[in-house]
Amino acid sequence: MIEFNKHTLSNGLKVISHFDNTSPIVAVNLLYDVGARDENPEKTGFAHLFEHLMFGGSVNVPHFDEELQQAGGENNAFTSNDITNYYETLPLENIETALWLESDRMLSLAFTPKSLEVQRNVVVEEFKQRYLNQPYGDAWLLLRPLAYKVHPYRWATIGKEISHIENATMQDVKDFFFTHYRPNNAILCVAGNIQPEKVFALAEKWFGSIPKGEIKTRNLLPEPKQTKAHRLEVERDVPADAIYIALHMCNRTHPNYQAFDLLSDVLSRGESSRFFQNLVKEKQLFSEISAYVSGDIDNGLFIINGRLSAGVKPEEGEKEIWNELQKISENGIDANELTKVKNKVVSGILFSHVNVLNKAMTLAYSELLGNANLINTETDLYLTVTTQDIQQRAAEIFIPKNASTLVYHSKKA
């Protein structure tokens, strides 16, 4: 049982404290309820740009990393379509350094032309290197708009195109910041050998005077039910032909989410999984193949992607994938198969609770989902899934008209 305490400051900042006297370090996690889904369709990539800008200097701190390193700390951040998350780990006696740094960049970034230009160039270069010049790097740039036609999940966190970041003005950046990076749009979690009352006092000291913002009510258009198959085939300079299949499924907080997650594990988690045993080992159609869920806050995707073995035609590989999917839809799975993947998932969750940073992240994200105590109840949600649940979920989404299929044809083939 992970115990925690919660408190909300007068400016709306939610604060969570988890006391752990076994760790020599303390973790500070600050989650902002803003991701790529909150962007203007004509100005995408801004949430990811801010992941970089937040390290480019704030009103009183010109060198974020320098100050933290001097305090013996480490930090990083990540952006998704749903959230932006910043975190630090450092010795307990220096915790105020992390809180000072996070509060100062929440108060206001430096917003200098130099910082914007430097980080803009970094993001543009990342776009080119990771998404355009890397084998299969553009998969999500192609697959998202194939699967989504209305919802803002139709673009990746890096953005739709480089020009959106290249053309970002200082006013665009300021507007995005003061719309989303406010205390009443954030969750602060501190985990380590520090008592809750001390955490709440320090949160008040460093964040209490930051004014709340006018957070707009999120009103995103839901993605309509897909009624026909979507398909795209491209030729690229990639080492092997590849298949990506995206199937619409429920959101992260839906009661069926855990069943879908376990279903993906039945298909591809480990060498005893169905995909590995049947498509890699026995039939040797794929050199590698995986299945996973996107885990989005709004309705997400069940994704299958595999690289074909030399000489195997994409249509043959695709046919065999669907054969495996139909087997589960029609015949289900046995109890031992389900028990095996449940054990792996539950042990993975429990093992993650050993690390204070993982606990801080999970508590903050669980609170965003509606209940921080999800950190304690999620294992039960997995354990109560039945073989019948798995078969029903498979039959629900493993339908050709629910699929968006991307096929890579290798120029080298």
Side-chain angles (χ1 to χ4, degrees), residues 30-59 61-66 68 74-87 101 105-106 108-148 151-181 232 234-239 242 244 294 296 406 408 411:
L30 188 59
L31 182 153
Y32 287 95
D33 185 9
V34 56
R37 65 176 174 161
D38 298 299
E39 296 164 349
N40 181 327
E42 304 307 315
K43 296 178 180 179
T44 63
F46 273 60
H48 177 252
L49 174 63
F50 265 92
E51 178 193 320
H52 292 267
L53 280 172
M54 292 284 264
F55 292 98
S58 51
V59 63
V61 185
H63 304 294
F64 185 96
D65 287 343
E66 227 173 77
L68 194 67
E74 296 180 349
N75 72 95
N76 214 325
F78 63 86
T79 313
S80 74
N81 286 69
D82 293 321
I83 66 170
T84 307
N85 195 77
Y86 300 89
Y87 56 91
L101 292 169
R105 61 181 177 182
M106 179 188 283
S108 180
L109 295 184
F111 293 119
T112 65
K114 180 183 178 182
S115 175
L116 176 57
E117 197 55 35
V118 168
Q119 300 306 329
R120 188 208 314 272
N121 290 336
V122 169
V123 172
V124 167
E125 196 56 35
E126 181 182 347
F127 199 122
K128 292 175 181 177
Q129 287 188 0
R130 290 183 56 191
Y131 295 85
L132 301 182
N133 299 330
Q134 186 170 300
Y136 314 104
D138 61 350
W140 280 104
L141 299 180
L142 301 171
L143 195 57
R144 282 191 175 278
L146 193 64
Y148 291 101
H151 193 280
Y153 285 161
R154 65 185 184 272
W155 59 83
T157 54
I158 195 71
K160 283 184 182 179
E161 53 188 68
I162 291 176
S163 64
H164 286 188
I165 296 302
E166 288 177 332
N167 297 331
T169 67
M170 183 63 76
Q171 192 58 51
D172 289 335
V173 168
K174 287 184 177 180
D175 289 346
F176 194 82
F177 178 83
F178 288 109
T179 298
H180 299 290
Y181 294 81
L232 176 64
V234 297
E235 188 177 65
R236 293 286 192 272
D237 188 13
V238 293
Y244 290 73
S294 60
D296 297 311
L406 169 65
Y408 279 90
K411 292 180 180 179

Participant: Where is the tightest heavy-atom contact between Gly45 and Ile165, given as atom of each residue plus distance?
Facilitator: O-CD1, 3.4 Å
Participant: Considering only heavy atoms from C-beta outward, does the side chain of Leu109 approach that of Val59 to under 4.5 Å?
Facilitator: no
Participant: With the side chain counted from C-beta on, respond yes when Arg37 and Asp82 share a heavy-atom pair under 4.5 Å apart, and no when they do not.
Facilitator: yes
Participant: Set out, in order, the CA-CA distance, both residues' side-chain angles and the distance that settles side chain to side chain contact (heavy atoms under 4.5 Å, CB included) for Leu30 and Met106, then state yes or no.
Facilitator: CA-CA 10 Å; Leu30 188 59; Met106 179 188 283; 3.9 Å; yes
Participant: Nearest heavy-atom pair of Ala36 and Ala156: which atoms, and what distance?
Facilitator: CB-O, 4.3 Å
Participant: Indicate yes or no: does Arg120 engage Glu117 in a salt bridge with an N to O separation below 4.0 Å.
Facilitator: yes
Participant: Using the side chain to side chain contact (heavy atoms under 4.5 Å, CB included) rule, take Asn76 and Tyr87 through it: C-alpha gap first, then chi angles, then the decisive distance, then the call.
Facilitator: CA-CA 6 Å; Asn76 214 325; Tyr87 56 91; 3.2 Å; yes
Participant: According to the salt bridge (charged side-chain N to carboxylate O under 4.0 Å, His left out) rule, which pairs have a member within residues 42-59, sequence neighbours left out?
Facilitator: Lys43-Asp172
Participant: For the CD atom on Gln134, are there more than 12 heavy atoms of other groups (residues, nucleotides or ligands in this structure) within a distance under 6.0 Å?
Facilitator: yes
Participant: How close do Leu53 and Leu116 get, heavy atom to heavy atom, and via which atoms?
Facilitator: CD2-CA, 4.0 Å
Participant: Any side-chain heavy atom of Val118 within less than 4.5 Å of one from Ser115?
Facilitator: no
Participant: Parallel, tilted or perpendicular: which fits the ring planes of Tyr32 and Tyr86, with parallel below 30° and perpendicular above 60°?
Facilitator: perpendicular
Participant: With sequence neighbours excluded, tell me which residues meet side chain to side chain contact (heavy atoms under 4.5 Å, CB included) with Asp38.
Facilitator: Val34, His180, Arg218
Participant: Measure from NZ or CZ of Arg105 to the centre of the six-membered ring of Phe50, then state whether that distance is under 6.0 Å and the direction lies within 45° of the axis.
Facilitator: no
Participant: Supply the atom-to-atom distance Ile162 CD1 to Asn167 CG, rounded to the nearest 0.5 angstrom.
Facilitator: 11.0 Å
Participant: Looking only at side-chain N and O atoms, does His164 offer a donor or acceptor that is under 3.5 Å from a partner on Thr44?
Facilitator: yes
Participant: Starting at OH of Tyr131, measure out to CG of Leu142 and round the result to the nearest 0.5 Å.
Facilitator: 13.0 Å
Participant: Does the side chain of Leu146 reach to within under 4.5 Å of the side chain of Tyr244, using non-hydrogen atoms?
Facilitator: no
Participant: Between Leu232 and Val234, which heavy-atom pair has the shortest distance, and what is it?
Facilitator: CG-CG1, 4.0 Å
Participant: Listed by chain and number, what are the side chain to side chain contact (heavy atoms under 4.5 Å, CB included) partners of Gln129, not counting sequence neighbours?
Facilitator: Glu125
Participant: How long is the span from the CG atom in Asp175 to the CG atom in Asn40, to the nearest 0.5 Å?
Facilitator: 11.0 Å
Participant: Any side-chain heavy atom of Arg130 sitting closer than 4.5 Å to one from Ile158?
Facilitator: no
Participant: When the ring planes of Tyr181 and Phe177 are compared, do they come out parallel, tilted or perpendicular, using 30° and 60° as the limits?
Facilitator: parallel
Participant: Side-chain contact test, heavy atoms from C-beta onward, threshold under 4.5 Å: evaluate it for Phe176 versus Glu39 and give yes or no.
Facilitator: yes
Participant: According to the salt bridge (charged side-chain N to carboxylate O under 4.0 Å, His left out) rule, which pairs have a member within residues 137-146, sequence neighbours left out?
Facilitator: Asp138-Arg236
Participant: Can you tell me how far the NZ atom of Lys128 sits from the CG atom of Asn133, to the nearest 0.5 Å?
Facilitator: 8.5 Å
Participant: Can any side-chain N or O of Asn81 pair as donor or acceptor with the backbone N or O of Trp155 at less than 3.5 Å?
Facilitator: yes
Participant: Looking at every non-hydrogen atom in both residues, tell me the closest pair between Gly56 and Gln119 and how far apart they are.
Facilitator: CA-NE2, 4.3 Å
Participant: Give the minimum heavy-atom separation between Leu141 and Gly159, together with the two atoms involved.
Facilitator: CD2-O, 3.7 Å
Participant: From Glu126 CD over to Asn121 CG, what is the distance, rounded to the nearest 0.5 angstrom?
Facilitator: 13.0 Å
Participant: Is it the case that Asp296 and Ser294 place a side-chain donor and acceptor less than 3.5 Å from each other?
Facilitator: yes
Participant: What distance separates Leu101 CG from Phe55 CZ, expressed to the nearest 0.5 Å?
Facilitator: 10.0 Å
Participant: Mind jotting down which residue pairs meet the salt bridge (charged side-chain N to carboxylate O under 4.0 Å, His left out) criterion with at least one end in residues 152-171? Sequence neighbours excluded, please.
Facilitator: none
Participant: Residues in side chain to side chain contact (heavy atoms under 4.5 Å, CB included) with Pro239, at least two apart?
Facilitator: Pro135, Tyr136, Arg307
